Number of protein chains: 2
Amino acid sequence: MPKNICIFEIMKTPQKRTTIYDIAKKLNIAASSVSRALSNSSKVNPATKALILKTAAEMNYQQNVMASNLRKGSNRTIGVVVPRINQGYFSNIIAGMEDITYNKGYNLIICQSNELHSREVDCVNALINQHVNCIVISIAAEQGGHEHLQQVLDHRIRLIQFDRVVDELETFKVINDNERASSEAVSHLIQQGYQRIALLEGPQNLDIFRQRKEGYLSALRKHGLPVLEELMCENAWTKELSAEATRKLLEMKNPPDAIFASTSDFSALGVLEVATQMGISVPEQLGICGYSNEPFTEITSPSITTIDQYSFSMGKTIANLFFQEMEVADLHIEPKIMSIKPKLLVRKSTQRL
Amino acid sequence: MPKNICIFEIMKTPQKRTTIYDIAKKLNIAASSVSRALSNSSKVNPATKALILKTAAEMNYQQNVMASNLRKGSNRTIGVVVPRINQGYFSNIIAGMEDITYNKGYNLIICQSNELHSREVDCVNALINQHVNCIVISIAAEQGGHEHLQQVLDHRIRLIQFDRVVDELETFKVINDNERASSEAVSHLIQQGYQRIALLEGPQNLDIFRQRKEGYLSALRKHGLPVLEELMCENAWTKELSAEATRKLLEMKNPPDAIFASTSDFSALGVLEVATQMGISVPEQLGICGYSNEPFTEITSPSITTIDQYSFSMGKTIANLFFQEMEVADLHIEPKIMSIKPKLLVRKSTQRL
DNA sequence: TATTTTTTGGCAATCGATTGCCAACTTAAA
DNA sequence: TTTAAGTTGGCAATCGATTGCCAAAAAATA
């Protein structure tokens with residue numbers, strides 16, 4: 001034993017964690033019995049069990065999770081990869097998941113991809129490395145392959161995709177019915193008498209944005225309105241980009257009378273700010289609809305019509321999906337896809353009737 | 001070997017993870033050399049090392065972190081306990097920490113106490129159980145002891161308290177200078193000509209709220225204004241409670257001409273809403289100052305003066321503190337306290353000059 | 001009382017990486 | 001050529017809980 005350690009042990013109380021061997025030695029029984037008693041096995045006499053439990057408590061025993069993990073090959077951990085932790089939608093998802101996993105004694109390891117594909121790959125690899133029981137992911141906006149997700153499956157780790165998913169990959173999925181929600185939102189605009197409805201699109205390599213566009217198109221068709229290319233703006237998915245796009249739209253000879261910011265409420269906010277600057281009244285001259293129900297949409301003036309995705313309960317759904325369908329089941333069961341219908345929240349920015 | 005396992009192995013490719021033993025066997029060398037090569041030890045010949053690395057890559061080797069953890073007694077993990085994950089301030093802290101820990105190959109395990117003391121104790125115990133390298137905590141609002149934090153230290157786990165800290169406990173701390181920031185805010189109000197400034201307080205068992213009150217008082221004293229009991233409202237720390245308190249304040253015979261919502265911007269929002277309802281103009285008749293710089297404060301009308309706590313970079317600071325001061329250092333070094341000075345953001349809700 | 005069944009509990013291998021110690025080998029110096 | 005110093009790499013113990021297998025003991029049955 002190195003000298004410095006000795007000194008340390010003399011200086012401070014040894015404080016070595018008690019192991020099942022310590023308990024076994026003290027009671028003069030085998031460590032295996034202690035282990036069984038602690039895991040409440042029926043193979044140990046109730047009286048002995050009680051004695052062991054009592055002693056363990058007295059000795060302030062705490063299981064060494066690392067040893068248990070190694071032996072069991074599982075660590076009761078779920079890895080989560082999201083674009084950004086500090087974004088209302090995702091932090092609510094995580095909060096919802098934590099609510100469930102906490103009660104099951106599972107841990108959450110959180111990673112953020114920052115919307116970068118390469119970083120997402122790194123995160124996933126790190127989680128594979130950790131032998132997590134399950135990886136829950138919403139993919140980054142940056143274009144990229146999905147070999148890393150295939151790797152997850154190859155390593156026999158359960159995989160749940162949510163929100164932004166890779167369609168081709170057969171995995172469990174928890175998604176929102178973006179198309180239907182968008183269609184409803186646009187239909188609502190039409191019912192309010194808006195005729196020239198512009199669309200702010202997100203990156204079309206993400207399925208969610210394709211679906212929202214599809215919803216927009218189908219609503220127009222359903223109501224017999226023309227689809228006008230000049231009213232659809234690509235890649236307007238930040239507040240700044242949206243503001244820019246809005247400026248262009250509103251300066252057109254024949255400007256739109258409503259804008260559906262399908263990418264996010266931040267985009268909708270950009271729209272509102274530009275409209276206000278330009279002296280265009282909302283909702284009278286311009287209707288605005290956002291997406292996601294960020295808290296601020298309620299307090300802008302006017303308040304912004306948006307779509308609530310039930311993020312917190314979606315997080316719970318994801319966790320429950322794991323525990324109910326995947327935790328113990330065979331790895332090769334048919335993956336389930338759960339679709340949650342978001343809710344249109346009509347606020348002032350679209351009510352002109 | 002049980003039969004069903006056999007069947008499984010026949011049905012699916014075995015897919016067993018490659019271990020260092022597999023590599024050793026293939027190259028006809030000892031596992032220890034493989035281990036050393038992989039950890040880039042200088043005790044292995046560069047040529048051999050290269051061969052091992054190449055073979056490892058070919059065999060798709062991935063380290064078994066659980067085994068490594070057990071052996072090393074460390075799992076390169078930091079546990080984080082916060083009242084709520086989905087609260088701008090905390091999710092920013094976590095995002096900031098993740099930014100640093102990601103590059104160091106550390107993992108974050110996230111727990112939320114939901115402001116409940118008992119749940120906080122549970123979370124801390126779970127993290128102790130996990131043998132995390134460090135616990136980072138901001139304590140719950142509910143009153144309770146701090147034996148659980150002492151336990152952390154007793155188990156030789158590093159501990160960093162941030163934001164809401166237990167003062168008596170000698171641990172590393174990363175805090176905001178709440179008193180100074182509050183004092184500045186109130187001084188600003190006074191300079192704007194406000195004379196009767198009310199205070200919305202948070203639970204006084206939390207140090208941060210005591211400090212903010214202290215700052216309020218010291219600013220009043222400094223400027224020779226009287227301290228009026230009737231202008232200080234206890235426990236007004238949600239939007240609803242604040243709205244209620246505001247209503248009472250504004251209905252007084254001699255109402256305040258400014259309200260410092262020291263608890264949060266949500267409280268400030270409650271104030272603003274009530275004022276608007278009552279037809280009281282902000283900032284002319286009533287000045288409002290919040291705390292935390294939630295995103296929405298920028299877009300209310302009028303925008304709300306508030307205090308930015310640099311949450312994201314505070315998260316980085318916390319992580320850096322761990323890596324620079326604690327990761328390898330002796331457990332019994334003098335704990336460091338880092339105080340970050342928040343910044344007053346003057347917006348329209350307090351500018352009447 | 002003899003035999004079978006059921007309980008109870010110990011032994012030892014296992015999970016996979018790590019590391020102290022020592023041996024073999026290489027290189028350098030005498 | 002001999003000795004000393006420095007490299008390289010293998011052996012085996014270790015981390016602590018888990019579990020299949022078997023034996024001893026107890027209980028139930030014949």
Side-chain angles (χ1 to χ4, degrees), chain A residues 1-5 16-53 55-56 59-76 128-131 155-156, chain B residues 1-6 16-53 55-56 59-76 105 128-131 155-156:
Chain A
M1 195 184 290
K3 279 188 291 309
N4 54 339
I5 294 289
K16 214 163 160 309
R17 289 179 118 106
T18 34
T19 70
I20 53 171
Y21 298 102
D22 300 328
I23 300 175
K25 199 178 289 168
K26 181 155 193 178
L27 296 181
N28 222 356
I29 56 176
S32 52
S33 294
V34 177
S35 173
R36 290 197 180 95
L38 290 169
S39 62
N40 206 18
S41 154
S42 61
K43 287 198 148 196
V44 43
N45 189 304
T48 325
K49 192 186 289 183
L51 177 63
I52 293 173
L53 257 39
T55 314
M59 297 176 74
N60 193 22
Y61 169 79
Q62 305 237 182
Q63 191 201 43
N64 184 323
V65 182
M66 293 186 287
S68 173
N69 286 347
L70 172 59
R71 180 59 225 244
K72 293 214 207 137
S74 149
N75 54 10
R76 295 178 81 77
I128 291 176
N129 229 250
Q130 290 276 333
H131 290 231
H155 277 91
R156 307 218 212 132
Chain B
M1 196 186 291
K3 280 190 288 310
N4 54 338
I5 295 290
C6 287
K16 215 162 158 311
R17 289 178 117 109
T18 33
T19 70
I20 52 171
Y21 297 101
D22 300 327
I23 299 174
K25 199 179 290 169
K26 182 154 188 180
L27 295 181
N28 224 355
I29 55 175
S32 51
S33 294
V34 178
S35 173
R36 290 197 181 98
L38 291 169
S39 61
N40 205 20
S41 155
S42 62
K43 288 197 147 198
V44 44
N45 188 303
T48 325
K49 192 186 286 182
L51 178 63
I52 292 174
L53 256 40
T55 315
M59 296 176 76
N60 194 22
Y61 168 80
Q62 306 237 183
Q63 191 200 43
N64 185 325
V65 182
M66 294 186 288
S68 172
N69 286 347
L70 171 59
R71 180 59 227 247
K72 292 212 207 138
S74 148
N75 54 11
R76 295 179 79 79
I128 291 176
N129 228 249
Q130 290 276 334
H131 290 229
H155 281 272
R156 306 218 212 133

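Side chains included, hydrogens not; waters and symmetry mates left out as well; all remaining heavy atoms used. If you're wondering where the values come from, they're calculated on a predicted model, not measured in any experiment. In what follows, chains carry the letters A, B, and so on, assigned in the order in which the sequence lines appear, proteins first and then strands, with residues in each chain numbered from 1.
Rounded to whole Å, the distance from CG on N69(A) to C1' on dT14(C) is 15 Å. For N75(A) and dC15(C), the CG to C1' distance is 14 Å, given to the nearest whole Å. Atom CZ in R17(A) sits roughly 18 Å away from atom C1' in dT14(D) (whole-Å rounding). Computed from coordinates, the M66(A) CE to dT18(D) C1' distance equals 16 Å when rounded to whole Å. Straight-line distance from the CG atom of N64(B) to the P atom of dA17(D): 18 Å, rounded to whole Å. Between the CD1 atom of I52(A) and the P atom of dA17(D) there is a distance of 13 Å, rounded to whole Å. Rounded to an integer number of Å, the gap from NZ of K72(A) to P of dG16(C) is 16 Å. Counting to the nearest Å, the P atom of dA17(C) and the CD atom of Q63(B) are 7 Å from each other.
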Enumerate, atom names and distances included, each donor-acceptor pair closer than 3.5 Å involving a side-chain atom of residues 44-52 of chain B, sequence neighbours excluded.
{"residue": "N45(B)", "atom": "OD1", "partner": "A47(B)", "partner atom": "N", "Å": "2.8"}
{"residue": "K49(B)", "atom": "NZ", "partner": "N40(B)", "partner atom": "OD1", "Å": "3.0"}
{"residue": "K49(B)", "atom": "NZ", "partner": "S41(B)", "partner atom": "O", "Å": "3.1"}

Carefully, step by step, assess Y61(B) and T55(B) under the rule side chain to side chain contact (heavy atoms under 4.5 Å, CB included). CA-CA 9 Å; Y61(B) 168 80; T55(B) 315; over 6 Å; no
Could you walk me through whether R17(A) and H155(B) pass the side chain to side chain contact (heavy atoms under 4.5 Å, CB included) test, one step at a time? CA-CA 8 Å; R17(A) 289 179 118 106; H155(B) 281 272; 3.6 Å; yes
Take V34(A) and K26(A) through the test side chain to side chain contact (heavy atoms under 4.5 Å, CB included) and record every step on the way to the result. CA-CA 11 Å; V34(A) 177; K26(A) 181 155 193 178; over 6 Å; no
Would H131(A) and N64(B) count as a side chain to side chain contact (heavy atoms under 4.5 Å, CB included) if you check the C-alpha gap in whole Å, the side-chain angles of each, and the deciding distance to 0.1 Å? CA-CA 8 Å; H131(A) 290 231; N64(B) 185 325; 3.8 Å; yes
Write out a two-atom table: protein N or O, nucleotide N or O from nucleotides 25-27 of chain D, distance below 3.5 Å.
none

Below 3.5 Å between N/O atoms, which protein atoms pair up with nucleotides 7-10 of chain C? Just atom names and distances, please.
{"residue": "dG9(C)", "atom": "OP1", "partner": "T48(A)", "partner atom": "OG1", "Å": "3.0"}
{"residue": "dG9(C)", "atom": "OP2", "partner": "N45(A)", "partner atom": "N", "Å": "2.8"}
{"residue": "dG10(C)", "atom": "OP2", "partner": "A30(A)", "partner atom": "N", "Å": "2.8"}
{"residue": "dG10(C)", "atom": "OP2", "partner": "S33(A)", "partner atom": "OG", "Å": "2.6"}
{"residue": "dG10(C)", "atom": "O6", "partner": "R36(A)", "partner atom": "NH1", "Å": "3.3"}
{"residue": "dG10(C)", "atom": "O6", "partner": "R36(A)", "partner atom": "NH2", "Å": "3.0"}

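Residue R36(B) holds its CZ atom at 6.0 Å from NZ of K43(B), rounded to the nearest 0.5 Å. Rounded to the nearest 0.5 angstrom, I20(B) CD1 and M59(B) CE are separated by 12.0 Å. The CG atom of N28(B) lies 14.0 Å from the CD1 atom of I23(B); values are rounded to the nearest 0.5 Å. For the atom pair OG1 (T19(B)) and CD (Q62(B)), the distance works out to 13.0 Å, reported to the nearest 0.5 Å.
Checking dG16(C), dT18(D), dT18(C) against every side-chain atom of Y21(A), the shortest atom distance belongs to dT18(D). Nearest nucleotide to the S35(A) side chain, out of dT19(D), dG16(D), dT18(C): dT19(D).
Remark: Y61(A) is not in phosphate contact with dG16(D), judged by side-chain N or O atoms under 4.0 Å from OP1 or OP2.
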